[in-house]
Amino acid sequence: QKEVEQNSGPLSVPEGAIASLNCTYSDRGSQSFFWYRQYSGKSPELIMSIYSNGDKEDGRFTAQLNKASQYVSLLIRDSQPSDSATYLCAVIGGYSTLTFGKGTMLLVSP
Amino acid sequence: GAVVSQHPSRVICKSGTSVKIECRSLDFQATTMFWYRQFPKQSLMLMATSNEGSKATYEQGVEKDKFLINHASLTLSTLTVTSAHPEDSSFYICSARDQVRREETQYFGPGTRLLVL
């Protein structure tokens, strides 16, 4: 059973702080990794994809991948109340299907 | 780019009726689309992979005769929930991959909220 694990949270951070979201996965053969944001009652929207070990930055978001440790994270700098949402980690494994974690709820307080 | 639409956005139906949900890729071609279901406070669960011009591939535990999928063109897949029951009430979301760009990224539609009375 391929699994993607996330802490359900909520993770609470003050406005302007750095939010750190973590994810581990079980399928060592996974090659593609994604972070989606899902607001309550809405469908997921893509934030970032990452395929290689290391960091990938896009604006206030940085994704980090460590395949040896089977770990992927998302850092959100200068967190804003509008960043409050559930963040879903998703992994594509050997059969090209996307497996989602249960998501981490982020709450950014003004 | 990479916009996916779904219709309807919300539907309420009586138990025993059938409901059709459409998923369209608006600005790209998608030979493969995916159907997910999400119950409250749960993660997305893949129901089936929809392949243009061929039969859908269903995940274990998903009844193919109850959830009919048709992918008749490169931009349209439909999911029909047949003889719907209250336990089928859920948030149904489709996604699509951009076949021309050969990306693995899946772009999601806005979802369809189904309530079966």
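Numbers restart at 1 for each chain; the letters A, B, ... are given by sequence-line order, proteins then strands.
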Which atoms of A:Phe100 approach chain B - backbone, side chain, both or neither, heavy atom under 4.5 Å:
both
Select one option (side chain, backbone, both, neither) describing which atoms of A:Gln38 are under 4.5 Å from chain B's heavy atoms.
side chain
Turns out that what part of A:Leu46 lies under 4.5 Å from chain B's heavy atoms comes down to side chain
Please say yes or no: joined through hydrophobic side-chain contacts below 4.5 Å, possibly via intermediate residues, are A:Tyr51 and B:Tyr107 part of one cluster?
yes
Do B:Leu44 and A:Ser43 come within less than 4.5 Å of each other through their side chains, counting heavy atoms only?
no
Would you mind checking which part of B:Gln38 comes under 4.5 Å of any heavy atom in chain A, side chain (CB onward), backbone (N, CA, C, O), both or neither?
side chain
Can B:Val4 be reached from A:Leu88 by stepping across I, L, V, M, F, W or Y side chains whose heavy atoms are under 4.5 Å apart?
yes
If you count every heavy atom of other residues, nucleotides or ligands that lies below 6.0 Å from A:Lys42 atom NZ, does the total exceed 12?
no
Could you see if B:Tyr58 belongs to whatever hydrophobic cluster contains B:Val19? Use Ile, Leu, Val, Met, Phe, Trp, Tyr and a side-chain cutoff under 4.5 Å.
yes
Are B:Lys41 and A:Lys102 close enough that some pair of their side-chain heavy atoms sits under 4.5 Å apart?
no
Would a 4.5 Å heavy-atom cut-off, applied to side chains only, mark A:Leu98 and B:Phe34 as touching?
no
Tell me, out of A:Ser32, A:Ser40, A:Pro44, who's got the most heavy-atom pairs with chain B below 4.5 Å.
A:Pro44
Same apolar cluster: A:Val4 and A:Phe33, side chain cutoff 4.5 Å
yes
Can you establish whether the number of heavy atoms outside B:Lys66 located under 6.0 Å from its atom NZ is more than 12?
yes
Just checking A:Met48: does its CE atom have more than 12 heavy atoms from other residues, nucleotides or ligands closer to it than 6.0 angstrom?
yes
Roughly how far, to the nearest 0.5 Å, is the CE atom of B:Met45 from the OG1 atom of A:Thr99?
8.5 Å
